Amino acid sequence: MDIAAVNALPYEDFVNIFGNVVEKCPIITAAVWSRRPFVNFTALEAAISEFIDGLPESGKEGILRCHPDLAGRDLHGGTLTRESREEQAGAGMDALNSVEASNMARLNEEYKERFGFPFVICARMTDKVNILRQLSERCRNERSVERARGIEEVKKICRVRLQALVVGEASNKL
Ligand SMILES: NC(=O)NC1NC(=O)NC1=O
């Protein structure tokens, strides 16, 4: 749909369609609805970004905690959201060999133990080799650095999900 159609959506439809652009955080979509009309794709994306930036650090960590592990229990149990399932499959997370799978599980646990939130990366913009490398490197960061880094990745995931829903000249350039 184009931005005019987005702006014309009643609240319920807006949340139904855009409720998972930030994983399992429909409250963000619900809040942003009142910022209509959006002049273009970029304005919609910016409204979401500004809402996230306005949250206290605990709120940002809450957003990170709404994300499923990469190649984790939800993937194996078939309980990922559709968006997450497609993203993880695209990055090969459903086809790891046994060494990759055990490294992934070990590093995901190590990361969560250290920071108290899961490792988040935009799977659509990378691949399994890079995901494993980043996971291992980012485990060594400071908590505040990693919180900001994770939120940057949430925004990238959000952009990709929005692009799948909204057509328009601005989205094509991103
Ligand atoms: N943990 C994590 O990064 N999860 C995700 N990344 C992504 O692109 N989709 C996800 O579900």
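Treat the numbers as computed from the prediction; the structure is a model and nothing was measured. In listed order, ligands and their atoms are each counted from 1.
Look at R133 and D127 and you find no salt bridge, because none of the NZ, NE, NH1 or NH2 atoms lies under 4.0 Å from a carboxylate O. The existence of a salt bridge linking R161 and E87 is confirmed by a sub-4.0 Å separation between a basic side-chain nitrogen and an acidic carboxylate oxygen.
Partner of D69 under the side-chain contact (heavy atoms from CB on, under 4.5 Å) criterion, out of K112, M93, Q88: K112 alone.
In summary, the side chains of E23 and S84 do not present any donor paired with an acceptor at a separation below 3.5 Å, with no hydrogens or angles considered.
In this structure, ligand 1 sits under 4.0 Å from heavy atoms belonging to P68, L70, S84, E87, Q88, F119, V120, I121, C122, A123, I157.
Checked against salt bridge (charged side-chain N to carboxylate O under 4.0 Å, His left out), E153 has the following partners two or more places apart in sequence or in another chain: R149, K156.
Ring geometry for F14 against F38 counts as parallel: the plane angle stays under 30°, on a 0 to 90° scale with 60° as the upper cut.
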